[in-house]
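One is the number of the first residue; the rest follow in order along the sequence.
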Amino acid sequence: MIQRLDHTKKAVAQRILHVQQPAYEIEEVRIGFKGIPALRDTVKDIQTSHEQFFGYIVEETLAGMLAYECCNRTTWNISRLVVHPDFFRRGIAKALLRYTIEACPPEYALTVSTALANTPAVHLYEKHRFYRKRYDVVRAGLMMVTFEHDGDSNK
């Protein structure tokens, strides 16, 4: 079940970090890059974030989480999409992504960025009709790719 998370509450922010930390640790290994900024997040960082958080709940356990932010009056940017390793390969990331695609107003662009080397994420976004919009090299040659949803009304 997907539900909105009140990340301003300390206990909820702690649950978010409990999912985010191990997921990003695995991503660091996958992409061969140490230093994903979200791994330095604190409970206070989560609590004071301007992002909107949604969680995938399995038997009262937060199994996955997606956050997006309104960058301007025309764009939603997915800023976090993580699944706790105990819940990998159960369709949770797909469900959270689909939920966000359907919730995004049609007049808004929906964007997301990931490391090009994060092939599971790249395949997930492309499978859900995101197209590669831009590439950026950041920190020690890490290639990032920004995707935008194709905006088709048949999301």
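In this structure, Phe54 and Tyr99 have tilted ring planes: the angle between them lies in the 30° to 60° band. Ring pair His84/His18 is parallel by interplanar angle, where below 30° counts as parallel and above 60° as perpendicular.
Counting non-hydrogen atoms of other residues, nucleotides and ligands closer than 6.0 Å to CZ of Arg40 gives a total above 12.
Under the 3.5 Å distance criterion, with hydrogens and angles disregarded, no donor-acceptor pair is assigned to the side chains of Asn77 and Ser79. Side-chain contact of Glu51 with Ser49: a donor-acceptor pair under 3.5 Å is present, judged by distance alone.
Listed for the Thr61 side chain is no donor-acceptor partner under 3.5 Å among the backbone atoms of Ile57. One N or O on the side chain of Thr48 and one on the backbone of Lys44 form a donor-acceptor pair closer than 3.5 Å.
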Side chain to side chain contact (heavy atoms under 4.5 Å, CB included) assessment of Ile46 paired with Phe53: CA-CA 10 Å; Ile46 299 295; Phe53 288 79; 4.3 Å; yes
Is there a side chain to side chain contact (heavy atoms under 4.5 Å, CB included) between Val145 and Arg134? Walk through the geometry before answering. CA-CA 6 Å; Val145 57; Arg134 186 179 75 241; over 6 Å; no
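Using a 4.5 Å heavy-atom threshold, the side chains of Tyr125 and Val112 count as touching. Annotation: side chain of Thr146 is not in contact with side chain of Thr114 (no heavy-atom distance under 4.5 Å). Side-chain contact between Tyr135 and Leu116: present, with at least one pair of heavy atoms (C-beta onward) separated by less than 4.5 Å.
In this structure, the separation between NE2 on His128 and CG on Leu97 is 5.5 Å, given to the nearest 0.5 Å.
For the side-chain contact (heavy atoms from CB on, under 4.5 Å) test with Ile16, the passing option among Met65, Gln47, Arg80, Gln21 is Met65; the others fail.
The two residues Val83 and Phe88 have their closest heavy-atom pair at O-CE1, 3.0 Å. Nearest approach of Val19 to Ala63, heavy atoms of both residues: CG1-O, 4.0 Å.
Two rings, from Tyr131 and Phe147, have their centers 6.0 Å or more apart.
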